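Just so we're on the same page: letters track the sequence lines, and every chain starts at 1. All values derive from a computational prediction rather than experimental measurement.
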There are 2 protein chains.
Amino acid sequence: MRVTIKDVSRIAGVSIKTVSRVLNKEKYVSDETRRKVEEAVAALNFSPSLAARTLAGSRSFQIALIYDNHSPYYIHAVQEGVWNRCREEGVRMLAQPVDVDSPTLALEIGGLIDETHVDGVILSSPVTDAPAALAELERRGIRFVRISPGTNHALTSSVFMDDVQAADDMTTHLINQGHKRIGFVIGHPNHMASDQRHFGYRRALDRAGIAYEPELVRPGTFDFESGMAAAEALLKLAQKPSAIFASNDDMAAGVLSYAHRVGLDVPQDLSVAGFDDTPLAQLVWPPLTTVRQPVLELAYAATDQLFCPDPAIVHQRLQHEVMVRGSTAPLRKS
Amino acid sequence: MRVTIKDVSRIAGVSIKTVSRVLNKEKYVSDETRRKVEEAVAALNFSPSLAARTLAGSRSFQIALIYDNHSPYYIHAVQEGVWNRCREEGVRMLAQPVDVDSPTLALEIGGLIDETHVDGVILSSPVTDAPAALAELERRGIRFVRISPGTNHALTSSVFMDDVQAADDMTTHLINQGHKRIGFVIGHPNHMASDQRHFGYRRALDRAGIAYEPELVRPGTFDFESGMAAAEALLKLAQKPSAIFASNDDMAAGVLSYAHRVGLDVPQDLSVAGFDDTPLAQLVWPPLTTVRQPVLELAYAATDQLFCPDPAIVHQRLQHEVMVRGSTAPLRKS
DNA sequence: GTCCAATAAGACACCGTTGTCATACCGGGG
DNA sequence: CCCCGGTATGACAACGGTGTCTTATTGGAC
């Protein structure tokens with residue numbers, strides 16, 4: 001049978017309520033009593049029922065992580081970061097995949113909250129920018145923190161990196177290497193970050209006095225195939241780019257793959273840059289020059305904000321970093 | 001405030017218990033009453049509290065997925081497969097990462113079960129073979145199903161693929177292409193599958209009358225770096241292999257990378273094969289010949305077994321497939 | 001010595017469901 | 001006409017904790 005607080009209280013020789021106090025680290029418990037209770041808990045290997053605590057109390061000791069992101073690396077890192085912080089807090093994490101385009105998104109999220117009574121929610125991009133989701137959470141007055149939202153939302157906390165600056169930095173890096181015709185592959189249209197990276201690319205060109213040429217910019221969907229297709233289009237131009245900057249690593253891998261296929265040497269004939277610094281960046285040849293996005297740290301920080309709301313810091317920015325590896329090189333004089 | 005069964009019962013004009021009956025699809029409810037209740041549920045957008053159901057009833061409508069696998073692609077696929085089946089069943093999935101080598105593994109799992117009252121557990125490799133975990137689950141009499149266990153365990157269900165045969169098939173494929181000196185990179189020692197793939201490699205060689213040479217076999221840990229290190233060792237041998245078969249795709253990517261680094265052309269100078277058919281296999285150049293492991297299907301089938309235990313089929317095998325891509329080619333005459 | 005605030009601990013109702021038992025109605029066999 | 005099993009529904013006590021209120025005991029300020 002299940003071990004309950006009642007059993008613990010009997011062993012410790014105190015009331016049920018006192019055991020509850022110890023469990024919840026409340027004040028007004030003598031050291032002596034606390035010790036006895038803790039011993040009894042350890043002896044019986046007691047873990048309190050979350051269901052009962054949830055029902056009786058005002059907390060559920062659970063938070064939900066809601067995501068719809070098709071990059072396994074990204075999700076994996078987010079889950080790990082959130083989980084790391086939850087574990088410290090003794091709180092369970094419910095990982096909840098959703099379809100951000102589903103017409104029933106709000107209903108699903110509402111149902112999740114009603115069923116589980118979660119104490120808070122972490123939203124991962126692109127769910128961070130689904131109006132239906134945000135409205136539903138606000139309607140219910142649930143605390144939530146967003147990881148890398150694309151839009152600002154005055155009322156709620158978020159944790160993010162500066163995508164514009166990061167794309168600007170990478171573009172500037174390529175410019176500094178002498179590249180002037182730099183191709184760009186845009187990300188998936190439903191991620192706000194796609195716009196921002198695109199804008200950063202443009203801003204860097206502008207500052208360097210290089211004209212923005214639409215033919216050098218191709219749409220993509222954050223996946224390998226779209227990267228390959230974009231590379232094909234770019235490299236068939238009359239005036240080929242000497243470098244291609246893709247908005248994420250998967251697409252950069254696609255660019256790399258197409259370059260190999262048509263016999264181009266990377267980085268001698270073509271420099272390739274990615275974005276995200278997923279493990280993939282170091283699994284391809286040559287290893288990708290890319291922007292490190294501190295996903296794990298973002299997720300951890302977001303969860304921390306959920307647990308320890310600091311009214312002063314509502315929007316927290318974490319630093320990115322340009323990782324220079326083998327896929328980019330100075331432009332050869334020709 | 002929260003919408004409760006009481007509200008529903010009032011609107012529908014029936015007792016609380018009758019609403020409960022409809023929710024649980026019990027018999028002995030008239031069509032008329034059922035309709036009224038369903039309408040009230042829809043009107044109020046009611047979702048029952050899992051905490052209350054868990055506490056009062058004998059089910060928690062939750063299962064746990066316990067894993068410790070550092071391959072994001074693998075975990076992602078497992079989560080998706082389990083979740084797909086859970087969603088059909090109206091059951092929540094608790095994704096629980098653990099450290100399979102932790103001395104407190106059993107305690108953690110026990111605590112998870114006590115706290116959440118999960119109705120069942122899915123174990124993913126390598127937790128499938130952690131004696132402490134299995135003992136704890138059995139001690140508590142919790143139903144569980146294992147995905148790709150390395151050991152047979154008469155008492156419990158499992159779902160798996162034939163790793164031995166798969167490695168045998170891949171090795172045979174290489175032999176059929178004319179390769180005789182085939183390098184092999186073993187997987188992580190704490191995964192039983194590593195042994196099995198190794199054995200399959202050996203069995204295929206044996207059947208083809210090719211001697212097993214220990215110098216052609218290198219240890220690895222399922223990660224990129226160990227694949228690269230193994231490739232270096234193998235390609236520095238006096239008599240180099242003409243093909244290398246790595247026990248997973250990450251290590252195969254490492255082999256590929258090392259080959260590129262030293263200027264070898266794959267597959268002309270060296271054939272490379274992987275295992276798992278993770279998305280990575282198609283993101284590298286050239287795309288990897290590998291064994292498709294039906295991870296999503298395995299996870300779905302495992303969850304299905306948990307929900308619909310079929311006493312007849314306790315150990316269910318799913319089919320693998322050799323995916324021939326660009327990284328292998330017939331041996332050149334030299 | 002008295003009074004009060006801070007400390008310490010218990011009694012008891014209650015959280016929102018399900019399990020069990022009781023009750024009432026219906027149609028058919030004896 | 002009575003009895004019975006099957007059907008349909010409700011009353012009420014659990015489930016295992018927490019919130020609130022009450023009570024008893026301190027130890028210092030006056």
Side-chain angles (χ1 to χ4, degrees), chain A residues 1-38 40-41 44-62 90-92 111 113-119, chain B residues 1-38 40-41 44-62 90-92 111 113-119:
Chain A
M1 279 308 300
R2 155 171 282 284
V3 177
T4 71
I5 269 205
K6 205 166 182 177
D7 303 316
V8 177
S9 70
R10 198 175 306 128
I11 302 277
V14 298
S15 76
I16 289 181
K17 180 65 208 187
T18 299
V19 176
S20 171
R21 287 204 176 89
V22 174
L23 252 40
N24 291 289
K25 305 194 199 312
E26 289 179 21
K27 291 198 308 182
Y28 305 147
V29 178
S30 71
D31 291 347
E32 168 67 6
T33 304
R34 185 179 306 276
R35 194 188 51 69
K36 278 192 300 188
V37 171
E38 278 165 354
V41 165
L44 293 175
N45 207 337
F46 169 73
S47 296
S49 158
L50 275 192
R53 302 181 90 176
T54 301
L55 197 54
S58 50
R59 311 173 49 191
S60 72
F61 302 89
Q62 292 188 312
V91 161
R92 301 248 162 237
I113 293 171
D114 282 343
E115 284 188 6
T116 63
H117 307 207
V118 283
D119 298 326
Chain B
M1 283 306 301
R2 155 171 284 281
V3 177
T4 70
I5 271 204
K6 203 164 181 177
D7 303 316
V8 177
S9 70
R10 198 174 306 129
I11 303 278
V14 297
S15 76
I16 289 179
K17 180 65 207 185
T18 299
V19 177
S20 171
R21 288 204 175 88
V22 174
L23 252 38
N24 292 289
K25 306 196 199 309
E26 288 177 23
K27 290 199 309 182
Y28 305 146
V29 178
S30 70
D31 291 347
E32 168 67 6
T33 304
R34 184 179 308 276
R35 192 188 51 70
K36 278 192 299 188
V37 171
E38 279 164 355
V41 165
L44 293 175
N45 207 337
F46 169 73
S47 296
S49 158
L50 275 191
R53 303 181 90 176
T54 301
L55 196 55
S58 51
R59 311 173 49 191
S60 72
F61 302 89
Q62 292 189 312
V91 161
R92 300 248 163 237
I113 293 171
D114 281 344
E115 284 188 6
T116 62
H117 307 208
V118 283
D119 297 327

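- Backbone-only contact: V14(B) has heavy atoms under 4.0 Å from sugar-phosphate atoms and none from a base.
- Of the two residues contacting DNA chain C, namely S15(A) and K27(A), the nearest-nucleotide position lying further toward the 5' end is that of K27(A).
- Nucleic acid contact for F46(A): sugar-phosphate only, since backbone atoms but no base atoms lie under 4.0 Å from a heavy atom of the residue.
- Within the nucleic acid shown, R59(B) has no heavy atom closer than 4.0 Å to any nucleic acid atom.
- Chain A approaches DNA chain D within less than 4.0 angstrom (heavy atoms of the protein), and the contacting nucleotides run 5' to 3' from dG16(D) to dT20(D).
- Regarding K17(B), its NZ atom lies at a distance of 12 Å from the P atom of dC21(C), rounded to whole Å.
- Rounded to the nearest 0.5 Å, atoms OG1 (T54(B)) and CG (L55(A)) are 9.5 Å apart.
- One finds the CD1 atom of I11(B) at 14.0 Å from the NZ atom of K6(B) (value rounded to the nearest 0.5 Å).
- Listed nucleotides dT17(C), dG19(C), dA9(C) differ in distance to I16(B); the shortest reach to its side chain belongs to dT17(C).
- Side-chain proximity of S58(B) to dT18(C), dA6(C), dG19(C): nearest is dG19(C).
- For L55(B) and dC14(C), the CG to P distance is 17 Å, given to the nearest whole Å.
- Using modelled atom types, one side-chain atom of D7(A) and one backbone atom of T4(A) make a donor-acceptor pair closer than 3.5 Å.
- Atom CZ in R2(B) sits roughly 7 Å away from atom P in dG16(C) (whole-Å rounding).
- Side-chain to base pairing of R21(A) with dG10(C): one donor and one acceptor N or O lie within less than 3.5 Å of each other.
- Between Y28(A) and the phosphate of dT7(C), there is a side-chain N or O to OP1/OP2 separation shorter than 4.0 Å.
- Residue contacts for T54(A): at a heavy-atom cut-off of 4.0 Å it reaches no nucleic acid atom on any strand shown.
- Looking at K6(B), its side chain has no donor and acceptor atom pair within 3.5 Å of the base of dG16(C).
- To the nearest 0.5 Å, atoms CD (Q62(B)) and CZ (R53(B)) are separated by 11.5 Å.
- Between T18(A) and dA9(C) there is no side-chain polar atom (N or O) within less than 4.0 angstrom of OP1 or OP2.
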